[in-house]
Participant: 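If you scroll down you'll find the structure; I have some questions about it.
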Amino acid sequence: MILKALRKNGAVTINYYKNGLLQTFKGKVQRLDLTDQTLSLKDEQQNTFSIRLSGIKEIY
């Protein structure tokens with residue numbers, strides 16, 4: 001289910017846990033690294049951000 005949502009070409013919104021707090025991030029998928037279990041995203045200001053796959057709660 002998560003991998004299907006990551007195939008979208010447009011922006012995705014991800015709810016994820018970081019340090020026990022639920023956070024939201026909106027951006028385009030840059031890279032999915034299955035070795036490190038991370039997802040790299042780029043926001044509107046072209047900043048790259050990484051999220052651990054285990055912390056993802058929802059993608060839409």
Side-chain angles (χ1 to χ4, degrees):
M1 180 74 110
I2 289 176
L3 294 178
K4 185 184 259 188
L6 294 178
R7 290 190 320 186
K8 294 179 10 181
N9 290 334
V12 294
T13 303
I14 299 177
N15 291 333
Y16 66 99
Y17 288 101
K18 183 175 181 180
N19 298 329
L21 299 173
L22 184 62
Q23 309 223 352
T24 302
F25 185 86
K26 184 174 182 178
K28 290 188 176 186
V29 176
Q30 286 297 114
R31 183 172 176 228
L32 176 62
D33 187 348
L34 296 177
T35 304
D36 291 335
Q37 299 286 306
T38 59
L39 174 65
S40 297
L41 301 154
K42 194 172 269 196
D43 64 6
E44 293 89 20
Q45 290 80 29
Q46 303 300 315
N47 297 323
T48 303
F49 186 77
S50 292
I51 298 174
R52 299 217 24 101
L53 294 178
S54 63
I56 294 175
K57 181 178 186 246
E58 182 178 29
I59 298 176
Y60 48 95

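On a predicted model such as this, the values are computed, not experimentally measured, just so you know.
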Participant: Do Leu39 and Phe49 land in one hydrophobic cluster if side-chain heavy atoms of ILVMFWY residues count as linked below 4.5 Å?
Facilitator: yes
Participant: Could you work out, with side chain to side chain contact (heavy atoms under 4.5 Å, CB included) as the rule, every residue matching Thr13, not counting sequence neighbours?
Facilitator: Thr24, Lys26, Tyr60
Participant: Do Leu53 and Tyr17 land in one hydrophobic cluster if side-chain heavy atoms of ILVMFWY residues count as linked below 4.5 Å?
Facilitator: no
Participant: Hey, are the side chains of Thr48 and Leu41 touching, using non-hydrogen atoms and a 4.5 Å cut-off?
Facilitator: no
Participant: side-chain hydrogen bond (donor to acceptor under 3.5 Å, both in side chains) with Glu58: which residues, sequence neighbours excluded?
Facilitator: Asn15
Participant: Got a sec, which residues hit side chain to side chain contact (heavy atoms under 4.5 Å, CB included) with Asp43, two or more places apart in sequence or on another chain?
Facilitator: Phe25, Gln45, Asn47
Participant: Shared ILVMFWY cluster between Leu22 and Ile14, side chains joined below 4.5 angstrom?
Facilitator: no
Participant: Show every side chain to side chain donor-acceptor pair (under 3.5 Å) that has at least one partner inside residues 27-38, sequence neighbours left out.
Facilitator: none
Participant: Check whether Leu34 and Val29 end up in the same hydrophobic cluster, where Ile, Leu, Val, Met, Phe, Trp and Tyr are linked by side-chain heavy atoms less than 4.5 Å apart.
Facilitator: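 Yes, because Leu34 and Val29 connect within a single hydrophobic cluster, where side-chain heavy atoms sit under 4.5 Å apart.
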